[in-house]
S.K.: 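My questions will all concern the structure given below.
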Amino acid sequence: MPHSDLSILIVDENRIRASIIEDGLREAGHRRVASIHDVNEVGRTIAANPPDVIVIDLENPNRDTLEHFFSLTRAVQRPIAMFVDRSDGAMIEKAVEAGVSAYVVDGLRKERVKAILDMAISRFNAFAKLTRELEQARSELEDRKVIDQAKGMLMKSRNLSEADAYALLRTTAMNQNRRMVEIAQSLVTAAALLGP
Amino acid sequence: MSPTPITAGFLPLLDSILLVLAREKGFAADEGLDLHLVRETSWANIRDRSALGHFDIAQMLAPMPLAASLGLTPLGTEMIAPIVCGLGNNAITVSAAVWDGMVTAGAPGDLAAAPAGRALAEVVATSRRKLRFGVVHQTSSHNYELRYWLAASGIRPDRDVEIVVLPPPLLPEALGSGGIDGYCVGEPWNSIGVATQKGRIVTAKTLIWQSSPDKVIGMRASWAADHPDIVAAVIRAVYRAGQWCAEPDNLDEAARIMSGPAYLNTPPDIVARSLTGWLDIGNGQRTNVPGFYIPHSSAANFPWKSHALWYYSQMVRWGELSATPQHAAIAAACFRPDLYRAALAPLGVALPIADGKTDGTHAQSHTMATSSGSVLMGPDLFFDGVTFDPEQLDAYIESQRQQS
């Protein structure tokens, strides 16, 4: 595996995502990778140890601050936002869609940095996918709880078996062209309003 | 015909109000636009996503189209501004500790820029450490007006104090935690600094330079050239939003709309302060600032080329740009009064005849002749009494070189 002497700084308030990117870069042979989570440390860090490439998430409100640090310390001389190179429009799009931005020192050969940004983009996307899946799993779990609750109420008040209560919820949902969880939620809400 | 979809970026600042009202009050829809608003987290994102075409148009700091067209930004892209989102709206807030020092130094406690500046100069001179001030972006109206005020008050912005960049929503907290000693920002972030961090508003943009522009609707020049009808529709929608916003009867509703979670996410009574010009400047001291934010009157939406040139002069002044006729021409070309006139002429709007004007000569409201009748213009003084005549641009730049 080729070793890279480029120094890379990751600025991301999300520690998990930062470490995922950091791991990726290390696996790709980059040894000088650091990440920081608090933009207030950026000024000190880049003054003490000027990086060649800075990777930052686009949602970070501190991009303006970061760019100002560059112009003040001149640590990163004439920083260029990475997705700036218009010659590679597809790369720009990919980076922005993934929500990542990077700054590189001027004069750095494009192909050396491209691999880094490619890595950052794919890790950003992987992280976003993970977050989405987690969110989905969480909401499915929530749905399941509501449906169980509604089922229990039907079993008790209409003296149904579990299978029948489930079937009743299901057919009602199908007849009304709504999701089962919505029917269940209405039932739970109605019971809360009417109930003792 | 189905409405034309158009995407606009904005930051949570009060003067995004004209974009918001254009959507919420149907002015954009009236013009056949389906205006989609995207709240952004940084001016850098507004800049880059506008340059990349993710946003067709965006609320921008007035100097941003200039910086992009002049190649000061990473994505050098020709940008234009065919309409201004109003005048004023910024203020300068300091920490409770700095304010204590200013009171000792004789600050009178109103918002007048000159005595406040003198008092601050004394605090700066006697402070054991460099005071640190926050602004929202490097090429911002805030940066230039803060520097103008400091320099005219005898404080050298790059030597006597430190100026740092922070996004608007983070400024109040940075003030409270002692990370910064003061800041210049648009509303509601001054009022929030007062309400939550014991901050003190010491002066306002309109008291540094009366009736001065702050935000514009910016867009790529190439996109504007390809879509003249959409640009005209945007201008009319924003103009009518300004008209509606300027009606006193509409203030409550305007404040309520802006306070919503998708926009400022701030209580309506705080939002209303800048709309009414009644600010709580600290400790419940309610103070009326005439012309604090002017959404419409005083030809507030007209993109004066002279105003673009003033921002250009400040970029030169603070070393971001060299003074050349080419740079001045590029800067002036960013503001497009021709597009403004073309879009609004059919509405019978009173349109300024000239593309530029001299600022700093009117202490009172005055009338200005237009294409149809005259318009009442607000006072336009700089607090230090200097005049800005765009015809004397080089002399103005030279005089500031000697001052700073």
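Worth knowing before you read on, the calculation uses all heavy atoms, side chains too, and leaves out hydrogens, waters and symmetry mates. Every chain is numbered from 1 and lettered A, B, ... according to where its sequence line falls, protein lines coming before strand lines.
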S.K.: May I ask you to say whether A:D23 pairs ionically with A:R26, meaning some side-chain N is under 4.0 Å from a carboxylate O?
M.R.: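 Looking at A:R26 together with A:D23, the answer is no, because their closest N to O distance does not fall below 4.0 Å.
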
S.K.: Can you list the residues of residues 177-185 of chain B that sit under 4.5 Å from chain A, counting heavy atoms only?
M.R.: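 Result: none.
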
S.K.: Quick test of your reading of the model: are A:R17 and A:D57 salt-bridged, counting only N-O distances below 4.0 Å?
M.R.: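 The answer is yes: the pair qualifies as a salt bridge.
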
S.K.: Quick one about B:N90 and B:E145 (side-chain donor to acceptor, distance below 3.5 Å, no hydrogens or angles considered), yes or no?
M.R.: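 Yes - a donor-acceptor pair under 3.5 Å links their side chains.
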
S.K.: Taking the basic N atoms (NZ, or NE/NH1/NH2) and the acidic carboxylate oxygens, is any pair closer than 4.0 Å for A:R138 and A:E142?
M.R.: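 Result for this pair is no, no salt bridge flagged.
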
S.K.: Go through the side-chain N and O atoms of B:T41 and A:R63 and say whether any donor and acceptor fall under 3.5 Å apart.
M.R.: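 There is no such pair between these side chains.
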
S.K.: Can you tell which of B:P169, B:A44, B:S42, B:P168 has the highest number of heavy-atom pairs within less than 4.5 Å of chain A?
M.R.: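 The candidate making the most pairs under 4.5 Å is B:A44.
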
S.K.: Taking only residues two or more places apart in sequence or in another chain, which ones pass side-chain contact (heavy atoms from CB on, under 4.5 Å) with B:S127?
M.R.: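 Partners of B:S127 under the side-chain contact (heavy atoms from CB on, under 4.5 Å) test: B:R129, B:L131.
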
